[in-house]
Amino acid sequence: MARAREALMTSDVRPDEDGAVTPSGRQRPPGDRVALRGDLRAALPDAGAAVTVTVLVFALLWARMESGASDTVAVMPFMDDPGTYWMYLLSQAFGWSALLWAWGTVMLGLLLSGPRPARLPVSRQVLERWHRTTSLTTMALMFAHALMFAAELVRYETKADWAERVWAAFADTFVPGWYDSGTGRVAIPIGQGALYLAVPLGLLFYVRHRIGANTWRRLHRFVIVVYVLSVWHTLLYGTNVWYGEWPRTVLWLLQLPVTLLLLLRLLRPARRAERLGPPGGSAALPGWWVRAAGRVAVAAVVVGLVVVAVSGRDGGRDRPTHPPATAPHAQETD
């Protein structure tokens with residue numbers, strides 16, 4: 001029995017809705033290193049597409065800064081020089097690509113874990129591989145976003161020596177609570193939380209045969225928290241969606257299909273054990289109430305997103321007549 005359970009965890013088999021085990025074809029490699037290596041190779045075309053999108057976003061941000069239409073310059077007028085602040089623009093471009101890829105991988109995950117569509121354009125195995133490769137690409141984009149932000153801080157701190165500049169940039173970017181300027185005091189720790197949760201949650205798949213399939217499945221559900229933190233970080237700190245105008249509203253609207261799929265996945269889970277059922281049934285009553293509260297909360301978010309779209313009140317700031325001229329991070333002085 002123990003050997004059969006271990007074989008189930010290490011092979012590509014899934015329990016269907018009535019609890020029967022159905023093999024999906026060939027088994028996965030017995031070692032997690034082989035599976036991760038294979039997915040890294042499979043992620044190369046996806047990563048190439050992500051780099052292409054990042055370059056296009058970077059070019060757009062550069063052109064808008066040169067033309068005077070950049071919202072980043074409206075927030076921080078001293079940055080009206082793309083040649084000087086190109087690393088900051090590249091950090092923004094990586095951030096937007098990371099959010100787009102995070103949106104895609106979450107949508108794929110919800111599609112795979114919810115009620116199974118009658119028809120899919122590709123096989124379920126292909127969708128699962130896309131979900132894994134886009135997840136790996138998202139982690140790389142998030143790290144590149146943070147790394148270019150740190151590089152910009154190193155360039156900016158001209159008053160300190162190299163060791164101090166590198167340490168200050170590292171701490172401001174990667175140490176929670178260290179950055180102490182403006183909105184970043186809240187927004188940057190939120191982004192750090194998304195990054196530090198994304199990496200272990202994304203890589204746990206490759207050791208699921210060691211921690212157990214049920215444990216991995218429970219932990220993997222927190223991936224949605226990573227996505228929520230990423231969107232929250234963007235809404236707080238993304239100068240391109242700083243003001244209450246159409247780009248911010250579009251960002252809100254993009255969350256509507258995510259929440260709808262999440263609500264559908266909660267209301268009609270593919271696994272019978274996750275179905276809500278009547279209170280007082282096989283599930284413990286406190287757990288039943290937690291699950292019911294989760295469904296109500298997600299439904300409330302769907303309603304909230306519709307209200308935001310209809311009313312136009314998306315939490316954005318009013319564009320000032322005279323933009324502030326303050327720097328995002330005070331330089332060190334001798």
Side-chain angles (χ1 to χ4, degrees), residues 8-9 12-17 19 28 32 35-36 39 98-99 101-117 124 127-139 142 190-233 254-277 281-302 304-305:
L8 172 59
M9 291 179 183
D12 191 10
V13 295
R14 294 173 192 84
D16 59 20
E17 293 189 3
R28 295 188 186 278
D32 55 274
L36 179 56
D39 279 352
L99 189 62
W101 253 254
W103 184 89
T105 196
V106 167
M107 291 287 287
L108 286 170
L110 290 172
L111 183 64
L112 287 165
S113 62
R116 300 174 184 176
R124 185 179 180 87
L127 287 180
E128 288 177 348
R129 187 173 68 250
W130 287 354
H131 178 50
R132 298 195 306 272
T133 56
T134 52
S135 175
L136 293 171
T137 302
T138 300
M139 287 186 277
M142 292 172 73
I190 291 173
Q192 291 165 340
L195 176 62
Y196 297 151
L197 281 175
V199 174
L201 290 176
L203 297 180
L204 277 176
F205 171 82
Y206 302 101
V207 295
R208 70 198 184 284
H209 63 285
R210 296 183 180 178
I211 64 175
N214 288 333
T215 300
W216 168 76
R217 192 178 296 111
R218 293 189 186 99
L219 291 173
H220 192 68
R221 293 169 183 169
F222 288 95
V223 168
I224 194 67
V225 176
V226 175
Y227 182 71
V228 170
L229 291 175
S230 301
V231 175
W232 191 7
H233 168 76
L254 284 174
Q255 313 319 313
L256 192 56
V258 175
T259 52
L260 286 172
L261 269 183
L262 177 59
L263 182 60
L264 185 62
R265 185 252 183 271
L266 292 174
L267 293 176
R268 296 175 54 198
R271 293 173 56 84
R272 176 175 294 180
E274 296 177 359
R275 296 174 186 174
L276 188 60
S282 58
L285 197 57
W288 186 92
W289 281 108
V290 169
R291 288 185 172 184
R295 287 156 171 77
V296 171
V298 175
V301 171
V302 172
L305 289 172

Are any non-hydrogen side-chain atoms of Leu254 and Trp103 less than 4.5 angstrom apart?
-> yes
Closest non-hydrogen atom pair, Thr134 against Thr138 = O-OG1, 2.7 Å
Can you see which heavy atom on Val226 is nearest to which on Ala194, and at what distance?
-> CG1-O, 3.5 Å
Check whether any side-chain heavy atom of Leu204 lies under 4.5 Å from a side-chain heavy atom of His220, and answer yes or no.
-> no
Distance col, row Leu262:CG vs Leu266:CG, nearest 0.5 angstrom, shows 4.5 Å
With rounding to the nearest 0.5 Å, note down the distance linking CZ in Phe205 to CD in Glu128.
-> 7.5 Å
State the CD-CE distance between Gln192 and Met142, to the nearest 0.5 angstrom.
-> 11.0 Å
Ring pair (Phe, Tyr, Trp, His ring centres under 6.0 Å) involving Trp130 - partner list, sequence neighbours excluded | none
In chain order, what residues pass the side-chain contact (heavy atoms from CB on, under 4.5 Å) check against Thr133, with sequence neighbours excluded?
-> Ala42, Ala43, Arg129
List the atom of Gly202, the atom of Ser135, and the distance in Å for their closest heavy-atom pair.
-> CA-OG, 4.3 Å
If you measure from CG on Leu112 to CZ on Arg265, what distance do you get to the nearest 0.5 Å?
-> 11.0 Å
Distance col, row Ile224:CD1 vs Leu201:CG, nearest 0.5 angstrom, shows 12.0 Å
Is the closest side-chain heavy-atom distance between Tyr227 and Met107 below 4.5 Å?
-> no
Does Leu136 reach the side chain of Leu203, with side-chain heavy atoms less than 4.5 Å apart?
-> yes
Scanning both residues in full, the closest heavy-atom pair of Val199 with Met139 reads CA-SD, 3.5 Å
Would you give the length of the straight line joining atom OG1 of Thr105 to atom CZ of Arg132, rounded to the nearest 0.5 angstrom?
-> 10.5 Å
Qualifying residues under side-chain contact (heavy atoms from CB on, under 4.5 Å), relative to Val296, sequence neighbours excluded = none
